Undergrad: 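This structure is in structure tokens; I'll ask about it shortly.
Because only heavy atoms are used, hydrogens play no part in the values below, and waters and symmetry mates are left out as well, while side chains stay in. Being a predicted model, the structure only gives us computed values, none of them experimental.
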Amino acid sequence: MARSRVKMRDHVAESSLHWRRTLVSFIAIVLLMAGLFTNLYHLQVNEHQSYQTRSNDNRIKVVPIAPTRGLIYDRNGVLLAENRPIYSLEITPEKSADLEATVDELIVLLNLDPALKERFFHDVQRNRRFNPVVLVSRLDEDQVARFSINQHKFPGASIEAYLKRFYPYRDTLTHVLGYMAKINDRDVERLKEDNKLANYAATRDIGKLGVERYYEDLLHGHAGFQEVEVNNRGRVIRTLRYEPPVPGSDIYLNLDIRLQQQAQTLLAEKRGAIVMMTPEDGQVRALVSNPSYDPNLFVHGISSPDYKALLQNPDRPLINRASQGIYAPASTVKPMLSIMALNEGAITPSTRFFGGPYFQIPNTKRKFRDWRRWGHGWMDVYRAIEISADTFFYDIAYRLGIDTMNDYMTRFGFGQNSGIDLHEEATGTMPSRDWKQRRHKQPWYQGDTISVGIGQGYWTATPLQLARATSIMVDHGDTVHPRLLNAIVINNKKVEMPISHGEPITLKQDNHWNVALTGMWRVINGKEGTARRAFAKTPYVAGGKSGTAQVFSLAENQQYDHKSLREHLRDNALFIGFAPYDNPKAVVSVVLENAGGGSSQAAPLARAMLDAFLLPDTSTTDEEVIAHE
């Protein structure tokens with residue numbers, strides 16, 4: 001049997017294959033190493049700052065610190081809004097051996113609402129166990145004392161103090177100061193838009209209305225922070241850096257709390273508003289709307305029943321009647337209309353006019369009645385203002401027309417914001433042809449003009465606008481804007497705010513102002529003056545003008561019967577006044593809803609306010625003034 005031949009290996013070929021495999025493997029290893037080192041370079045060099053920052057974020061935590069809110073004082077340094085400590089009971093879960101038993105015992109000890117337990121454990125689940133959780137946010141002094149005595153029985157429980165806004169005068173200043181309340185989603189969106197959200201990182205509350213809202217930036221201050229080192233569980237190990245917060249600025253208002261309280265007392269159970277200001281500088285000394293409410297209800301979160309009661313109250317206490325209440329100004333605007341007529345040459349100080357029982361537009365049948373059924377007879381502009389003759393001003397309105405009236409009365413501030421430092425302000429309506437077309441899709445009629453001529457019809461104004469218009473008159477056209485803020489405390493020094501002026505009203509003859517003011521003097525001091533009884537025996541000389549505004553229109557032959565009407569259909573009572581006559585130091589406007597005649601109802605309140613301003617040692621009450629009648 002033949003033996004098979006064994007083939008010899010091709011060592012050259014195998015060597016070549018091995019070399020090629022080795023080369024490929026080497027190249028692969030080199031490429032992998034290159035990729036590894038490239039990635040290491042990217043991580044260690046290119047991304048070094050980013051990863052270092054992220055690492056520090058895991059190790060260093062920035063904790064914001066809320067600033068102390070600025071205080072609010074009246075012009076005499078009386079504290080109107082302060083920060084009071086509140087005491088919160090907090091429990092750190094990890095320090096309590098039996099958390100549920102601890103909560104149950106505290107609820108019994110402090111007589112707390114059992115419903116707090118469910119909310120507490122809900123909050124526990126949302127927090128780390130080493131972070132304290134609030135069981136109850138507001139303890140009274142008795143509860144604080146009881147807990148302090150028994151604190152040793154509750155490891156992990158402690159009382160912490162926080163500052164909360166408090167308004168000592170409660171409902172007296174609500175519509176001026178506004179209030180603080182919890183920041184809501186709308187506030188967050190607004191703060192984001194204004195790039196201010198970061199400054200509220202440690203703040204729970206924000207100004208909602210009034211001065212608190214208008215001067216929020218001044219009062220809030222600037223948040224501070226502390227950098228703390230934390231472990232991987234978020235527990236604070238040590239503080240690395242501390243930047244103290246900058247407290248908000250204290251501010252002084254032009255308000256006089258004594259006058260504010262006097263106005264509130266005078267309004268008592270009435271619905272209405274009183275505004276008092278100084279004409280030379282626009283300082284608002286009193287601004288009261290009634291009824292009001294206690295702003296402290298909102299500071300800690302108002303309950304649903306309380307808020308529902310405010311919303312459903314038919315007297316609408318949430319409305320600031322002084323700056324948002326819109327009323328027909330009625331006869332209070334007759335002095336301004338007289339100035340317009342004098343300046344336009346429609347009348348002169350000596351013009352004679354016969355006032356009958358009614359006024360008729362030529363070639364029409366409709367009769368516009370005077371408030372006195374038999375008319376007033378012959379009169380000039382002085383007597384027309386003194387007795388408040390409607391027919392005299394019907395005639396002025398007819399001859400000058402709505403365009404001229406709109407032009408002049410707009411310059412007196414009607415139909416526009418007064419410039420006061422409050423966001424809550426209505427403009428009212430100073431009607432015009434264009435306004436009626438836009439609002440009612442109807443043309444303007446001459447009959448519309450006649451009603452506007454006595455402050456009725458489409459014309460509406462706020463008590464604040466009436467006070468400002470009076471101020472413009474007594475200052476002979478100087479249009480000062482009303483102002484609540486008196487001074488800001490900067491570096492422990494009071495920095496007073498400048499007077500804000502608008503465009504002045506210039507007349508062809510300056511004496512035209514005196515004609516209107518003399519008529520207002522006769523309203524109080526003349527033998528036929530409509531307010532002579534309310535201002536009887538005053539130790540000073542004053543001027544004023546009453547007004548009685550219809551709430552609904554009477555038929556042509558219908559007589560107004562106060563007693564037969566439901567209350568909300570009765571006339572509104574208005575009065576504007578100033579004193580002393582020769583050098584006015586104060587102007588006042590009063591509006592009373594559904595109270596009746598302005599001279600009998602509103603004028604006594606205006607007199608009492610002027611008494612309080614000019615005779616601070618006396619305390620003339622509403623009842624005492626009415627007794628003079």
Side-chain angles (χ1 to χ4, degrees), residues 173-178 190 194 207-218 251 253-255 272-289 316 318-330 332-333 336 340 405-432 434-436 438-439 452 455 458-475 477-486 497-505 549 574 576 587-591:
L173 292 157
T174 302
H175 293 107
V176 180
L177 298 184
R190 178 166 52 84
D194 297 337
K208 294 289 186 176
L209 293 173
V211 169
E212 292 278 26
R213 180 186 173 194
Y214 195 92
Y215 291 110
E216 172 66 25
D217 291 345
L218 279 175
I251 62 175
L253 303 182
N254 289 315
L255 291 176
I274 295 177
V275 178
M276 174 172 272
M277 57 185 287
T278 51
E280 69 272 12
D281 51 19
Q283 293 187 8
V284 177
R285 299 298 181 88
L287 190 148
V288 175
S289 172
R316 301 185 301 166
L318 294 173
I319 298 296
N320 183 355
R321 285 170 163 81
S323 62
Q324 293 176 301
I326 50 176
Y327 310 91
T332 60
V333 296
M336 299 87 161
M340 172 194 69
M405 293 169 64
N406 177 273
D407 176 48
Y408 273 84
M409 295 305 107
T410 299
R411 284 189 268 173
F412 275 100
F414 295 106
Q416 55 189 296
N417 289 324
S418 68
I420 193 171
D421 37 351
L422 287 176
H423 290 300
E424 302 80 43
E425 183 180 11
T427 60
T429 300
M430 187 60 242
S432 65
D434 292 339
W435 172 85
K436 188 180 180 185
R438 291 194 310 270
R439 180 69 180 272
V452 172
Y458 294 116
W459 191 350
T460 59
T462 67
L464 181 61
Q465 287 175 332
L466 291 174
R468 183 174 182 239
T470 308
S471 174
I472 293 172
M473 277 198 302
V474 302
D475 262 355
D478 186 8
T479 57
V480 176
H481 295 295
R483 181 65 55 176
L484 287 167
L485 182 63
N486 177 281
M497 296 296 100
I499 300 173
S500 176
H501 294 269
E503 184 177 352
I505 300 175
L574 302 92
I576 58 173
V587 299
V588 62
S589 70
V590 179
V591 176

Undergrad: Could you verify whether a donor N or O on one side chain and an acceptor N or O on the other, from S418 and E425, lie under 3.5 Å apart?
TA: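 On atom types as modelled, these side chains qualify, holding a pair under 3.5 Å.
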Undergrad: Sub-3.5 Å donor-acceptor pair from the side chain of R321 to the main-chain atoms of V591, do we have one?
TA: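 Here the side-chain-to-backbone pair does not exist.
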Undergrad: Rounded to the nearest 0.5 Å, how far does CZ of R483 lie from CE of M497?
TA: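 It is 9.0 Å, given to the nearest 0.5 Å.
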Undergrad: Closest heavy-atom contact between P482 and R468?
TA: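 Looks like CD-CD, 3.7 Å.
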Undergrad: First locate atom CG of L422, then atom CD of Q324, and finally report the distance between them rounded to the nearest 0.5 Å.
TA: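 Spacing of CG (L422) from CD (Q324) equals 9.0 Å.
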Undergrad: With distance as the sole test, does N417 use its side chain to make a donor-acceptor pair with the main-chain N or O of T427 at under 3.5 Å?
TA: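 It does not hold such a pair.
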Undergrad: Roughly how far, to the nearest 0.5 Å, is the CE atom of M336 from the CD1 atom of I505?
TA: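 Rounded to the nearest 0.5 Å, the CD1-CE separation comes to 9.5 Å.
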Undergrad: Counting only heavy atoms not in R439 (residues, nucleotides, ligands), do more than 12 fall under 6.0 Å from its CZ?
TA: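 Incorrect, the count does not exceed 12.
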Undergrad: With heavy-atom distances below 4.5 Å as the criterion, would you say the side chains of V211 and V176 are in contact?
TA: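 Touching, per the 4.5 Å side-chain cut-off.
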Undergrad: Can you name the closest pair of heavy atoms from P431 and Y458 and give their distance?
TA: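 Taking P431 first and Y458 second, the nearest heavy atoms are CB-CB, 3.8 Å.
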Undergrad: Does R411 reach the main-chain N or O of P504 with its side chain, forming a donor-acceptor pair under 3.5 Å?
TA: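 Pair absent, no side-chain N/O of R411 close to backbone of P504.
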Undergrad: How far does OG1 of T429 sit from CZ of F414, to the nearest 0.5 angstrom?
TA: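 So the gap between those two atoms works out to 12.5 Å.
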Undergrad: Has E212 got a side-chain atom pairing as donor or acceptor with K208's backbone, closer than 3.5 angstrom?
TA: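 Absent.
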Undergrad: Which pair of non-hydrogen atoms, one from V288 and one from A322, has the smallest distance, and what is that distance?
TA: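 Scanning both residues, the minimum pair turns out to be O-CB, 4.2 Å.
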Undergrad: Does Q416 offer a backbone N or O that forms a donor-acceptor pair with the side chain of Q465 under 3.5 Å?
TA: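 Yes.
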Undergrad: So which heavy atom on N254 is nearest to which on R285, and how close?
TA: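 Scanning both residues, the minimum pair turns out to be O-CD, 3.2 Å.
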Undergrad: When you measure from the side chain of S471 to the backbone N and O of A467, does any donor-acceptor pair fall under 3.5 Å?
TA: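 Not a single qualifying donor-acceptor pair exists.
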Undergrad: Considering only heavy atoms from C-beta outward, does the side chain of N320 approach that of L209 to under 4.5 Å?
TA: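 In short, these two side chains do not touch, never coming nearer than 4.5 Å.
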Undergrad: Which heavy atom of L466 sits nearest to which heavy atom of S589, and what is that distance?
TA: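 It is CB-CB, 4.1 Å.
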Undergrad: Of the non-hydrogen atoms in A330 and L574, which two are nearest, and what is the gap between them?
TA: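 Between these two residues, the closest heavy atoms are CB-CD1, 4.3 Å.
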Undergrad: Using side-chain contact (heavy atoms from CB on, under 4.5 Å), reason through I251 and L485 one step at a time and then give a plain yes or no.
TA: CA-CA 7 Å; I251 62 175; L485 182 63; 3.8 Å; yes
Undergrad: Apply side-chain contact (heavy atoms from CB on, under 4.5 Å) to the pair N406 and W435, showing each step before the final yes or no.
TA: CA-CA 11 Å; N406 177 273; W435 172 85; over 6 Å; no
Undergrad: Please check: side-chain N/O of E424 versus main-chain N/O of G210, any donor-acceptor pairing under 3.5 Å?
TA: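 Here the side-chain-to-backbone pair exists.
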Undergrad: From I420 CD1 over to M277 CE, what is the distance, rounded to the nearest 0.5 angstrom?
TA: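 If we round to the nearest 0.5 Å, I420:CD1 and M277:CE are 8.0 Å apart.
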Undergrad: If you apply the rule side-chain contact (heavy atoms from CB on, under 4.5 Å), what do you find for L484 with Y214, and how did you get there?
TA: CA-CA 11 Å; L484 287 167; Y214 195 92; over 6 Å; no
Undergrad: Can you tell which of V284, N486, L177 makes a side-chain contact (heavy atoms from CB on, under 4.5 Å) with L253?
TA: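 That would be L177.
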Undergrad: Applying side-chain hydrogen bond (donor to acceptor under 3.5 Å, both in side chains) between H501 and each of T479, D478, D281, report the one that passes.
TA: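 Of the listed residues T479, D478, D281, the side-chain hydrogen bond (donor to acceptor under 3.5 Å, both in side chains) partner of H501 is D478.
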Undergrad: As an exercise, state the distance from CD of E216 to CG of D194, rounded to the nearest 0.5 Å.
TA: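 So the gap between those two atoms works out to 11.0 Å.
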